[in-house]
Structure formats: structure tokens, C-alpha cells
Amino acid sequence: MRDAAPQTIYLSDYKPFGFEVTSVSLTFDLDPTATRVKSRIAFVPKPDAGGRMFLHGEKLKLISAQIDGAPVTPDLSDEGLTCAVPDAPFIWEAEVEIDPQNNLALEGLYMSNGMYCTQCEAEGFRKITYYPDRPDVMSIFTVTINGPHPVLLSNGNPVSAADGHAEWHDPWPKPAYLFALVAGELVAHPGSFTTKSGRTVDLNLYVRPGDEGKCAFGMQALKDSMKWDEDVYGREYDLDIFNIVAVDDFNMGAMENKGLNIFNSAAVLASPETSTDTNFERIEAIIAHEYFHNWTGNRITCRDWFQLCLKEGLTVFRDSQFTSDMRSAAVKRISDVIELRGRQFPEDQGPLSHPVRPESFQEINNFYTATVYDKGAEVIGMLRRLVGADAYANALDLYFDRHDGQACTIEDWLKVFEDATGRDLTQFKRWYSQAGTPRVTVKDAWYAGNYILSFTQNLKPSATTPDPQPQVIPIVTGLLSPSGKESVPSQVLELTEATQSFTFEGLPERPVPSVLRGFSAPVVLESELSEDHAAFLLAHDTDPFNRWEAGRGLARASLLAMIRGGTDPDPKYLDGIRAVLGDAGLDPAYRALMLSLPSQSDLATALHDAGETPDPAAIWAASEAMREAQAQHLADLLPGLYADHQITESFAPDASQSGRRSLANATLSLLGRLESPERAQAQFDAADNMTQQLAGLAVLLRQKAGKSALQSFETQWKEDRLVMDKWFGLQVMQAEPDAVASTAATLTGHADFNWKNPNRFRAVLGALATHHAGFHHASGAGYRLLADWLIKLDPLNPQTTARMCSAFQTWKRYDADRQALISTELDRILALPDLSRDTTEMLTRIRGS
Ligand code: PHE
Ligand code: ZN
């Protein structure tokens with residue numbers, strides 16, 4: 001039997017709940033296998049309530065239920081209960097029993113290393129008690145916790161606390177998905193923040209004993225986020241206390257529960273010795289993200305889960321603005337675009353493609369996707385570009401004024417922008433309903449002193465969007481003179497038609513266009529402009545994104561030619577990056593990004609787009625050859641670059657130092673192709689921070705000289721779960737394609753491979769799935785190994801299993817042999833009698849018909 005018969009939910013079927021919930025009071029008597037939850041809920045029927053009420057509830061043992069003090073006997077099903085109710089306000093009381101210890105799905109109330117914690121988004125509250133578990137039902141919660149733990153936490157402000165008992169009250173109405181409870185032996189890293197109106201907020205970061213030394217950075221990031229949201233969005237925090245708890249077993253990154261954020265420990269714990277620069281930056285961004293949800297998500301929430309991008313797209317956009325302000329805007333933009341192309345584009349171009357606002361789903365957990373989050377954020381960025389920064393700020397003020405305390409829709413959001421700016425957003429709204437990555441072709445012409453840029457939107461029908469219409473695409477464009485000076489500064493060209501031209505008059509000579517600056521829209525730009533054009537932009541563009549993009553375009557074109565015909569790397573590309581690398585006036589982080597190559601799966605996408613069948617082994621070979629060529633071509637510069645970017649002052653995880661480390665380590669990696677292992681070994685041995693240590697180890701592993709370093713690393717970090725995740729992952733990532741599956745398989749036999757922990761599971765199996773040539777090795781060993789482990793994990797943790805199924809989403813790109821190998825694995829999983837609803841939906845969509 002499946003969890004529940006797969007049932008499709010449609011946006012168009014939305015109906016409001018028939019009752020208001022005016023207050024909720026919950027009492028928890030904690031016990032590992034028999035926690036009792038008492039609920040007391042005040043319902044007010046709406047005029048059309050109809051005398052019966054449905055409450056969600058799953059895996060609950062109902063002990064008792066009463067309405068206005070009189071026992072009732074509801075009808076129970078796998079999904080909840082139905083009960084006859086009065087047509088006047090009434091009090092519902094129920095007691096249920098749940099089993100947190102055996103809840104390995106990590107949804108609802110569960111245990112992690114002896115502590116109790118909850119995860120309710122999207123539909124986990126129904127595993128805690130019977131309730132209308134939908135985001136448009138907002139209420140005021142009071143929570144009592146009884147348990148023998150020193151720390152007992154819930155949302156809102158503390159009301160009372162005594163030995164073994166705590167009471168919390170959250171004055172802000174909220175949907176059940178924002179409920180949270182934590183109980184355990186935790187230590188607090190305290191802090192405090194004074195809001196702009198002068199209120200003091202107590203901050204705490206709760207961690208397990210032993211992790212106290214990893215709190216300072218997260219606490220500072222929280223304060224920075226609170227300040228930034230006041231300065232930039234005028235948003236002040238609204239409770240006396242803000243708590244963050246680090247949990248080892250967590251399916252996602254973190255969760256924005258009101259006043260009590262719960263974090264995957266990997267997304268909050270940081271120290272120089274144990275965290276890389278990339279970790280620091282990600283942690284800062286996630287802390288900001290969850291904090292920003294307090295206004296975009298919590299105070300204003302979603303009417304239903306189809307509107308998920310209302311909070312997620314906007315909050316990702318806000319956290320990316322924050323990171324740009326805290327660090328380098330150019331570097332952040334480039335990293336976001338790499339991420340978008342690496343995760344969202346393949347999703348949007350394959351069987352899992354869906355609009356930013358989906359119109360149907362079976363399991364909402366499957367829609368926490370790159371499309372909803374990252375394309376959702378791009379859509380906000382385009383809106384801001386189209387209306388301008390000031391109008392955007394006014395619109396946001398209106399949004400907060402008008403909708404505070406409400407559960408809203410994308411229609412509400414767009415109406416705010418229409419009212420604030422007077423703009424008609426009917427066509428813009430297509431960004432929310434049309435799936436697929438728009439393709440735009442650009443060409444140029446020059447005559448009689450006029451320069452003309454012509455754009456075409458290639459509207460390709462897909463399963464989700466059979467009849468695509470032209471979208472509004474803001475194309476930020478600047479023109480350079482042939483000598484490399486900016487002759488027409490950046491302006492927004494608003495593409496609204498399928499084909500459209502823009503004319504620039506009065507130019508003394510034919511300019512060189514720089515189109516889609518800053519990646520002003522999430523599209524694939526196909527340019528008929530030449531490689532000389534790209535080389536010129538790589539040398540001269542004043543827009544840092546497009547300058548990087550020009551180098552990337554040359555690298556991509558050269559790699560594709562190498563894959564297709566065994567040609568040599570393009571000297572124009574190599575000369576171009578050589579000039580950039582040698583330019584000491586450029587930010588080291590930026591120069592490091594210039595050295596990075598399009599990922600192997602990006603290359604597979606490009607080949608697939610061109611109607612070809614990607615060969616993972618050929619892509620691997622070309623990428624390796626290009627790396628060798630980079631090393632050779634830059635050989636004389638590398639030792640100097642490495643030496644000049646060593647850091648002598650004490651460690652700081654800031655943009656400046658991390659940029660220097662990133663360039664030095666990119667250099668080290670290229671030097672590793674030219675020299676014996678001494679330099680990498682020396683860096684590994686001398687490292688006093690994880691960035692340097694891990695970079696040294698990675699090069700040693702690639703040089704096949706990492707055996708003893710790997711051992712000493714393990715000995716040093718055996719007790720540190722987060723560092724050991726890196727140790728597991730790196731070995732898979734650095735393996736040769738032939739050895740990827742066997743390396744991963746061996747690691748799954750390691751005594752510390754605790755596969756029930758999602759971070760550890762992902763460290764090994766996630767690394768396997770992202771090693772393009774290794775996962776897609778012709779033997780099929782990669783596919784088999786992943787399938788074996790998905791089969792093992794699904795009964796325990798459907799959510800993480802289903803997410804990892806996306807490794808197979810690109811399967812139809814590959815040759816018939818690989819497709820046959822993959823479909824065998826997909827069918828093997830789909831044939832399981834008890835497969836979860838989550839995994840069933842994902843694999844059915846991927847498998848197609
Ligand atoms: N809402 C969380 C975030 O984006 C993500 C999340 C979803 C976490 C579902 C857990 C479960 O910040
Ligand atoms: Zn979020």
C-alpha cells in the first residue's frame with residue numbers, strides 16, 4: 001500500500017476554509033515514543049461552513065476529542081478526521097499520541113541526537129495534531145511544554161518557565177507551518193540587537209554542547225541581517241526574542257518558524273578551522289534568508305502552496321541583495337547565474353519543468369525547486385529592473401502596508417505593483433505561468449549612422465506550456481566604441497514582442513554591443529555575433545558580468561568544438577583570460593571566477609540544445625584538456641599569482657580574504673597539473689583554516705598523492721560531523737570517472753556512514769550524482785548505486801529520497817544504452833510496493849510515458 005493514493009491537487013480548486021481559528025493552545029508532554037499533544041482550538045464557523053469540519057491529521061493516535069466539553073467521535077481516515085460541529089463558535093479539544101523517536105522522515109515532531117525538534121513546512125503540522133493544516137488559516141498560538149530538558153522552546157515570547165515546564169505565547173497570527181518546538185540539552189550563544197525604534201531583542205543561537213565555538217559568525221550574520229532589513233526595506237523585528245537552533249538531522253537548509261528558526265547545523269555552525277569560505281558565505285546568506293522571511297513569508301504568508309514563490313522568490317531575491325551589499329555584487333551575480341544555469345535551466349528544460357507558480361502537484365515537498373526559488377527570484381529582479389529601484393521600494397512599502405497579517409497570492413503581489421507604478425503587468429504575469437527557459441536570438445546591423453539590435457523570442461511549446469506567448473524581457477544593453485570606451489551606457493530594452501528591433505542613432509562609428517548585462521533576464525541568449533566580439537568584450541566590457549560571460553562563452557564554444565572534433569583549445573580564449581588574470585587591478589575573486597569552466601553538465605545541456613547526444617566521457621576528456629591548456633598557457637604567471645595571494649594577516653571570512661584564497665587555490669589547482677605534489681602537501685600541512693586544508697587535499701587527491709593526507713584528515717576530524725561530510729564528499733568528487741561509483745560504494749561501507757542523516761547521505765550519494773562523467777559512466781554502476789540507496793532511504797525519509805531522484809531528470813539526453821540502463825533503475829524503484837508518494841511523483845514525472 002502506498003502512503004496515500006496519489007491525488008493531484010489543483011490551484012483552480014482553491015476554496016477557503018469554512019472556519020476561522022481565533023486561538024490555539026497546545027500542551028506537549030514529551031516522551032520519546034509516546035508524546036502526548038493536547039490541543040484546544042477556538043473555531044468560528046463562516047456562514048457556509050455546513051455543519052461538518054475536516055481537520056488534517058496523519059500518523060496520529062487519537063486519544064480523545066471533545067467539542068465544547070462534550071466527547072465526540074469523528075470519522076477517521078489516513079488523511080484526517082471529519083466531525084459534525086455546531087454552527088456557532090465552539091471549542092475543539094483533542095489529545096493525540098505521537099512517536100517522535102521513530103519519525104525518521106524528519107517531518108512533524110522528531111528527535112535528533114536526543115533533542116526534540118519540529119519541521120512543519122509544508123504539511124508537517126498534521127503529524128503533530130489534528131488541525132486545518134493550510135497556510136491561509138492563521139491563528140494565535142500558546143504552547144506549553146512539559147519535559148525534563150533544560151531548554152524548552154517554542155514560537156513567540158516566553159510567558160513562564162520552571163523546571164521541566166515552559167509556556168510560550170506568539171502574539172502574531174500565523175499558519176501552522178510556522179509552528180516550532182525544541183527541547184533538549186542545548187547551550188545558548190547569546191546576543192542582542194536594538195531595533196531602529198529602540199527595542200532590545202534577545203538573540204540566541206542554541207547548539208549542542210561542544211559546538212559553542214561555532215556560533216560567533218552566525219550570530220554576527222543575524223545582527224547584520226536585522227540591520228540590513230531595517231536600512232534597506234524598513235522592516236523591524238517584532239518580538240522580544242529571536243532564537244535559532246542548530247539540528248544535525250534536517251532535510252533542507254533551514255526553516256523560518258516564527259521567532260524560532262531551525263537550522264540544519266551545516267547551514268549555521270561555522271569556524272575558520274572547520275568551515276570553508278564558501279560555507280561562511282552560504283551560512284551568512286541562509287541566516288539572512290530565514291530572518292527576512294519574518295516579513296516576506298511570516299507576517300505576509302501564502303494563501304496556498306501554489307503561491308510558494310510569493311515568499312521564496314522574494315526572499316531569495318532579498319538575500320541575494322544582502323549578499324551583494326555585504327560582499328561583491330559582481331561576484332554574487334556571477335555565482336547566482338552559475339547556480340541558475342546549473343540547476344534551474346536543466347529542471348526547466350526537462351521532464352520536471354513547471355511554472356514558477358505551478359498549477360498542480362501531488363506532493364508539495366517536491367516543489368521546493370530551483371524554479372520556484374531561483375527563477376522566482378529572477379522574476380522579482382526583472383520586475384525591479386522594469387519599474388526602477390525607487391518604484392520597487394514604494395511598491396514594497398505598499399505591499400507591507402496593505403497585506404500585513406494576510407495570506408496572499410501572486411495576483412495580490414502584482415496588483416500592488418500595478419497600483420504603485422500605474423503599470424499594466426498582464427503580460428509580465430506570464431513569467432509566473434509559462435514554464436521553460438525563454439530563448440532569445442540577437443543580431444545587429446549598421447547603416448547610415450544607425451545601429452540596430454534585433455531580438456527574437458523563440459517560443460517553443462512544451463508539455464506544461466503548449467502555447468507559449470511572448471514574455472516581457474528586460475534586456476539591459478550598453479554599447480562600446482571600437483576602442484573599448486562605453487559609448488551608450490546601460491539601458492533597459494524592453495522586449496515584449498516575438499520579434500523586435502531597437503535603433504540607436506547618431507553614433508560616429510559602428511559600436512560593439514554588450515547585451516543582457518548583469519544577466520538581466522533568465523533566458524538563453526543566442527547571439528549571432530562572432531567570437532571576435534566575445535574576445536573584445538572579455539578585454540573591454542565595463543559590465544563585470546558580461547565581461548565574465550564573454551570569457552565563459554569563449555570557453556564554452558571552444559570546449560564544444562573540442563568535444564565534437566578533437567580540436568585544440570581556442571587561443572583567443574586562453575589569451576583573453578591570461579590578460580584578465582594578469583590584471584592586478586581586478587578583484588581576485590573575480591579573476592578566480594574567470595578561470596572556472598562551464599560545468600560538464602552545462603556542456604551536456606549545450607550539446608543537447610544543439611540537437612546532439614552528449615558523450616560524458618568526451619566531455620570529461622575535453623574539460624581535462626582545457627584545464628591542462630590553461631595550466632600550460634598561464635604557467636609563467638601561476639607561481640607569482642599563488643605567492644601574491646597568500647594571506648599573512650589573521651583569518652577573516654570576509655570577501656576580501658576569501659577572494660584572495662579563492663584565486664590562490666584556483667592557481668594551486670592548475671599548478672598541480674604542472675608540478676609534483678610538494679606545494680599542495682605543504683599547503684595542506686600548514687593550513688590553519690578549512691579552505692586551505694581542503695583545497696590542498698583536493699589537489700593531492702587529483703594528483704593521486706592524497707593517501708596519507710586523507711588519513712591524517714580523518715584522524716584530525718573524526719569527531720566533527722560537518723567536516724567529515726566534506727571528507728566523504730571530496731573523495732567522490734575528486735575520483736576519476738572510472739572510480740567514482742566504486743569510491744562511493746566503499747564509502748557507504750565506512751563505519752561513520754550514517755545514512756539516516758541527510759547531510760551524510762548527500763555527502764556521498766549527492767557527490768556521486770553530481771560527478772557528471774562518473775555518474776553517467778557507461779558501466780551503469782553509478783546509476784545502480786544511487787538507485788540502491790534511494791530504495792533503502794525511501795521508506796524512512798521520502799522527502800530527501802525524492803529530491804535526489806532529480807539526478808535522473810536529464811536521462812533522455814543521453815544515448816540509447818545509457819537510457820536503457822537508467823530506465824531499468826527507474827522501473828526497479830517504481831516497482832516497489834510501498835514507494836512513497838514523494839518518490840512516486842518524482843519518478844513518474846521523470847520517467848514520462
Ligand atoms: N522554507 C524554508 C526556506 O526556504 C525551506 C524549507 C522547506 C525547509 C520545507 C524545510 C521544509 O527557507
Ligand atoms: Zn525560504
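Both counts, for ligands and for their atoms, begin at 1 and track the order of listing.
Not one N or O of Y368 is nearer than 3.5 Å to an N or O of ligand 1, by distance alone. Inclusion of H289 in the set of residues having an N or O under 3.5 Å from an N or O of ligand 1 is warranted. Residue E121 places at least one N or O, backbone or side chain, under 3.5 Å from an N or O of ligand 1.
Close approach to H293 involves these atoms of ligand 1, each under 4.0 Å from a residue heavy atom: 3 (C), 4 (O), 12 (O). Atoms of ligand 1 lying under 4.0 Å from at least one heavy atom of E290, given by number and element, are 3 (C), 12 (O). Interface of K311 with ligand 1, defined as ligand atoms under 4.0 Å from a residue heavy atom, comprises 1 (N). Near E256, meaning under 4.0 Å from one of its heavy atoms, ligand 1 places the atoms 1 (N), 2 (C), 3 (C), 12 (O). The distance from ligand 1 to the heavy atoms of A254 drops below 4.0 Å at these ligand atoms: 2 (C), 3 (C), 5 (C), 6 (C), 8 (C), 12 (O).
W228 and D325 share a side-chain donor-acceptor pair at under 3.5 Å. Donor-acceptor pairing under 3.5 Å is recorded for the side chains of Y177 and T301. When only modelled atom types and interatomic distance are considered, Q349 and T437 share a side-chain donor-acceptor pair under 3.5 Å.
Given atom 6 (C) of ligand 1, the protein heavy atom at minimum distance is M252 CE, 3.7 Å. The protein atom (non-hydrogen) at minimum distance from atom 11 (C) of ligand 1 is Q119 NE2, 3.2 Å. Of all protein heavy atoms, the one closest to atom 5 (C) of ligand 1 is Y373 OH, 3.3 Å.
Rounded to 10 degrees, the NE2-metal-OE1 angle spanning H293 and E312 at the Zn ion (ligand 2) equals 100°.
Remark: K258 pairs with D238, N294 by the side-chain hydrogen bond (donor to acceptor under 3.5 Å, both in side chains) rule, at least two apart or across chains. When the side-chain hydrogen bond (donor to acceptor under 3.5 Å, both in side chains) test is applied to D374, no partner is found at least two apart in sequence or on another chain.
Between D248 and R208, at least one side-chain nitrogen of the basic residue sits less than 4.0 Å from a carboxylate oxygen of the acidic one, meeting the salt-bridge criterion. With salt bridges taken as basic N to acidic carboxylate O contacts below 4.0 Å, none links R318 and E290.
R384 forms no cation-pi arrangement with F317, by the criterion of a distance under 6.0 Å to the ring centre and an angle within 45° of the ring axis.
When ring centroids are compared, Y14 and F306 stay outside the 6.0 Å threshold.
Residue contacts with ligand 1 for A122 are absent, since no atom lies close enough (heavy atoms, distance under 4.0 Å).
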